[in-house]
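For reference, the structure discussed in these notes is given below.
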Amino acid sequence: MNIAVIGTGYVGLVSGVCYAELGHDVYCVDKDPAKVELLQGGEVPIYEPGLQPLMRSNADAGRLKFTTDTATAIAGAEVVIIAVGTPPLPNGEADMQYIEVAAKEIGEAMNGYKVICVKSTVPVGTNERVRAIIADYYKGSFDNASVPEFLREGTAVQDTMNPDRVVFGTESKHAASLLTELHAPLTKEIVVTDIRSAEMIKYASNAFLATKISFINEIANICEKVGADVSEVAKGMGYDRRIGASFLRAGIGYGGSCFPKDTKALIQIAGNVAYDFKLLKAVVEVNQHQRYGVLDKLFNALGTLKGKTIAVWGLAFKPETDDVRESPALEIVDRLIALGAVPKVYDPVALESFRKVYDDPAMMWCQSAQEAIQGSDALCLLTEWKEFVEFDLAAIEAALANPILIDGRNVYSYEAVKGTGLSYYPVGRPVHHIEREYVHG
Ligand SMILES: NC(=O)C1=CN([C@@H]2O[C@H](COP(=O)(O)OP(=O)(O)OC[C@H]3O[C@@H](n4cnc5c(N)ncnc54)[C@H](O)[C@@H]3O)[C@@H](O)[C@H]2O)C=CC1
Ligand SMILES: O=C(O)[C@H]1O[C@H](OP(=O)(O)OP(=O)(O)OC[C@H]2O[C@@H](n3ccc(=O)[nH]c3=O)[C@H](O)[C@@H]2O)[C@H](O)[C@@H](O)[C@@H]1O
C-alpha cells in the first residue's frame, strides 16, 4: 500500500516507520525543514528506543522517504494519515490550526481517490471539518476515517507493532476494508465504528487512565495519614481483573504531552455542550496538587528550603523519553527556586530539552547523577530512570550532606533503605526516618 503521513513528530514518525516495517511504501512530510533534513540523513530528532535502527533499515530498503512537500508525498498515496500536533490553547481547548492547514494542503494537492485519516487527537466533529476543508479544494471522490493513536512515548515502537487494539471510525466500506487490511498484521482486536465514536474513544481512554492515576494518588495521600502502604494497596487491588494492575503507580502526578492536554480538552468539549464533567475536573485538580507533595516532604525534612542545594534526579515526564512537555519536574524546579533553594538537576537524556523550555541562573546543570547528589542537602527522585533505580543507596548516603531521599516514584524498597542511614520519604508509604542532627548552611 502507498501511505503518506503528514507530520513527523512522536506519532507521525513512529507510525510511518512501523507501516514501512510492515512492507508498505511510506512518504512522510513535515513542515520543519531542519527535521526533514535530519531524517533524510538517517537521524531521528527524538529519543525513542528502537526507532532509529528501524527507520534506517526501512529507508535503506527504499520503503520510507521524507519531504517537506505535501503534494509530493500524497501524489501516489491511497491512504493519507494526518498526525500533526493539537496543542492546548490557553482555555484548554485543542488548537486546531495545524489540522486546518494540513487539511487545506491535502485538499490543494489531491489528485484522485484517497482515504484521509486523522490520527491526531481531535475533538469530536473534527473529521467532518477536515472533510469539508478538503471538499472546498477537491471535487473528486475521497473517504475519511478517524484512526486514533494509543502509543506511549518510550515504548512507542513496541506499542505500535503490538497494540492492545486498533480503533477506526469511518462511514465508508472501502475505507474500512483498506484500514482493516493495513492493521490486521498488528492485532486481532480491530474496532470499527462511526467517526464521532472513534474520536471520543481516544479522549475517553486517556481521561480514564488519568483518572486511575489521580485515584491512586489520593489513596496514597490517605495512606500517608493512616500508616498504610499504597504499593501494597495497589497490588491487592490490581489482582481484581475488573480493576487491573496497570496505571496504579502512585507518584508525583501524570505529565507529558497528552494526559494534561487531553483531560482539559475533554472538559472543554463537555462544557461546549453544557455538560459539567465534575469527575474529570477533580482528576485534573488532584494531579496539580500531587506535585507539591515533594516540596511538603522537603520542608518536613529540612525545615526551610532557603539556601539549600537540592539534587533533582529526572526531568523527563517519564523514563525512556527526552520529552519534558508538562513534566512535573518543570513546576517542582520552579517552586524550589521560588523558595530560595538551588536545584542541582540531572537527567540521562532530557537535560537539553528541559533547558530549552526552562532555565534560571539559580540552577546547577549536572552531567551525572553523582555530581547532582555530591554535597546536596537532599535528593528528590522525579523520574524512574533505570540508572537511578539501580544506583547504590549507600553511595547516595555517602554523597549527600544531609542523607534525605524524597522518592517521588516509589522505586526503592524498605529492605534496601533500612541497610543505610538514609531518611526515606516515599509517596503513600510510611516514612523511614533516622533521627539525626542535620548539617545547616
Ligand atoms: N506524543 C504522543 O505520545 C501521542 C500523541 N498523540 C496525538 O498525536 C498528535 C501529534 O502528536 P506528537 O506527534 O506528539 O506531535 P509533535 O508536536 O511531536 O509533532 C507534530 C509534527 O507535525 C508537524 N506539522 C505541523 N503542521 C504540519 C503540516 N501542515 N504539514 C506537515 N507537518 C506538519 C510539526 O512540524 C511537527 O513535527 C497530537 O494530536 C497528539 O495529541 C496521540 C497519541 C500519542
Ligand atoms: O495520547 C497520548 O499521547 C498517550 O498518552 C499516554 O502515553 P504517555 O503520555 O506517552 O505515557 P504514560 O506511560 O501513559 O504516562 C503518562 C504519565 O502518567 C504517569 N503515570 C503513569 C502510570 C502510573 O501508574 N502512574 C503515573 O504517574 C507517568 O509517570 C507519566 O507522567 C497513554 O498511555 C497512551 O495510550 C496515549 O496514546
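Given the structure is predicted, the values throughout are model-derived calculations rather than measurements. Read the numbers this way: they start at 1 and go in the same order the structure lists the ligands and their atoms. Only heavy atoms go into these numbers, but all of them, side chains included; no hydrogens, no water, no symmetry mates.
Proximity of Ala83 to ligand 1, defined as any heavy-atom pair under 4.0 Å, is confined to the backbone N, CA, C and O atoms. Heavy atoms of Lys104 found under 4.0 angstrom from ligand 1: none, in either backbone or side chain. Counting heavy atoms closer than 4.0 Å to ligand 2, residue Thr321 contributes nothing at all. At a heavy-atom distance under 4.0 Å, no atom of Arg152 approaches ligand 1. Contacts of Ser257 with ligand 1, taken as heavy-atom pairs under 4.0 Å, involve the side chain alone. If you look at Ile46 next to ligand 1, there are no close heavy atoms at all, none under 4.0 Å.
More than 12 heavy atoms of other residues, nucleotides or ligands lie within 6.0 Å of CE in Met96, so this atom counts as buried by the packing criterion. More than 12 heavy atoms of other residues, nucleotides or ligands shown are found within 6.0 angstrom of NZ on Lys139. In the displayed structure, Glu43 atom CD is contacted under 6.0 Å by more than 12 heavy atoms of other residues, nucleotides or ligands. Counting non-hydrogen atoms of other residues, nucleotides and ligands closer than 6.0 Å to OH of Tyr412 gives a total above 12.
Among protein heavy atoms, the minimum distance from atom 37 (O) of ligand 2 is reached at Leu151 O, 2.6 Å. Shortest contact from atom 24 (O) of ligand 2 to any protein heavy atom: Arg249 N, 2.9 Å. Nearest non-hydrogen protein atom to atom 3 (O) of ligand 2 is Cys258 SG, 2.2 Å. Annotation: atom 13 (O) of ligand 2 to nearest protein heavy atom, Lys318 NZ, 2.9 Å. When only non-hydrogen protein atoms are considered, atom 9 (O) of ligand 2 lies nearest to Phe317 CE1, 3.5 Å. Among protein heavy atoms, atom 22 (O) of ligand 1 sits closest to Gly7 CA, 3.4 Å. The protein non-hydrogen atom at the shortest distance from atom 26 (N) of ligand 1 is Val84 CG1, 3.6 Å. Protein heavy atom in closest approach to atom 18 (O) of ligand 2: Tyr254 CB, 3.3 Å. Nearest non-hydrogen protein atom to atom 14 (O) of ligand 2 is Phe247 CZ, 3.2 Å.
At a cut-off of 3.5 Å, with distance as the only test, a side-chain donor of Gln288 or Glu331 sits close to an acceptor on the other residue. Under 3.5 Å, the side chains of Glu78 and Asn2 contain no donor-acceptor pair of N or O atoms. A side-chain donor from one of Asn272 and Glu93 sits under 3.5 Å from a side-chain acceptor of the other. Side-chain contact annotation: Tyr425 with Asp407, donor-acceptor N/O pair under 3.5 Å absent. Glu128 and Asn144 share no donor-acceptor pair across their side chains, judged by distance under 3.5 Å alone. Side-chain atoms of Asp60 and Ser57 form no donor-acceptor pair, as typed in the model, at a separation below 3.5 Å.
Of the listed options Arg325, Glu326, Arg409, Glu153, Glu153 places a heavy atom closest to atom 10 (O) of ligand 2. Between atom 35 (O) of ligand 1 and the options Val11, Val122, Asp30, the minimum heavy-atom separation is to Asp30. Among Ile213, Asp262, Ile252, the residue whose heavy atom lies closest to atom 26 (C) of ligand 2 is Ile213.
Against a heavy-atom cut-off of under 4.0 Å, Lys261 is close to the following atoms of ligand 1: 40 (C), 41 (O). The Ile6 neighbourhood of ligand 1 comprises atoms 30 (N), 31 (C), with distances under 4.0 Å to a heavy atom of that residue. Here is the list of ligand 1 atoms found below 4.0 Å of a heavy atom in Glu153: 1 (N), 2 (C), 3 (O). Residue contact check: Lys35 has heavy atoms under 4.0 Å from atoms 36 (C), 37 (O) of ligand 1. Every atom of ligand 2 with a heavy atom of Lys202 under 4.0 Å away is listed here by number and element: 1 (O), 2 (C), 36 (C), 37 (O). Near Glu149, the atoms of ligand 2 lying under 4.0 angstrom from a non-hydrogen atom of the residue are 37 (O). Set against the non-hydrogen atoms of Gly9, the atoms of ligand 1 under 4.0 Å away are 13 (O), 16 (P), 18 (O), 19 (O), 21 (C). Within the listing of ligand 1, atoms 43 (C) sit less than 4.0 angstrom from a heavy atom of Lys202.
No heavy atom of Gly256 sits closer than 4.0 Å to any atom of ligand 2. In this structure, Lys212 has no heavy atom closer than 4.0 Å to ligand 2. The shortest separation from a heavy atom of Gly255 to ligand 2 is under 4.0 Å, placing the residue in contact. Heavy atoms of Leu248 approach ligand 2 to within less than 4.0 angstrom.
Where the criterion is an N or O separation shorter than 3.5 Å, residue side chain and backbone included, Glu384 fails it with respect to ligand 2. Checked by distance only, ligand 1 and Tyr98 stay at 3.5 Å or farther apart across all their nitrogen or oxygen atoms. Considering backbone and side-chain atoms together, Thr8 places no N or O closer than 3.5 Å to any N or O of ligand 1. The shortest N or O to N or O distance between Arg325 and ligand 1 is under 3.5 Å. For ligand 2, none of its N or O atoms has an N or O atom of Leu209 under 3.5 Å away. Between Arg152 and ligand 2, no pair of N/O atoms sits closer than 3.5 Å. Checking only distances, Asp32 never comes within under 3.5 Å of ligand 1, N or O to N or O. Taking any N or O of Thr86, backbone or side chain, at least one lies under 3.5 Å from an N or O belonging to ligand 1. Note: no N/O pair closer than 3.5 Å links Asp262 and ligand 1 by distance alone. Between Phe150 and ligand 2, an N or O atom pair is found at a separation short of 3.5 Å.
Classification of the Tyr292-His289 ring pair by plane angle, with boundaries at 30° and 60°, yields perpendicular.
The ring of Tyr19 has its center closer than 6.0 angstrom to the ring center of His183. Ring to ring, Phe391 and Trp313 are close: their centroids are under 6.0 angstrom apart.
Taking 4.5 Å as the limit, some side-chain heavy atom of Glu199 sits within range of a side-chain heavy atom of Thr126.
The cationic group of Arg165 lies under 6.0 Å from the six-membered ring centre of Phe150 and within 45° of the ring axis, placing it in a cation-pi geometry. Under the 6.0 Å distance and 45° angle rule, Arg152 does not count as a cation-pi partner of Tyr10.
One finds the CZ atom of Phe388 at 11.5 Å from the CZ atom of Arg409 (value rounded to the nearest 0.5 Å).
For the pair Asp323 and Arg325, the salt-bridge criterion is met [side-chain N within less than 4.0 Å of a carboxylate O]. Using a 4.0 Å cut-off between charged side-chain N and carboxylate O, Lys104 and Glu100 make no salt bridge.
When atom types are taken as modelled, the side chain of Tyr138 and the backbone of Gly112 share a donor-acceptor pair closer than 3.5 angstrom.
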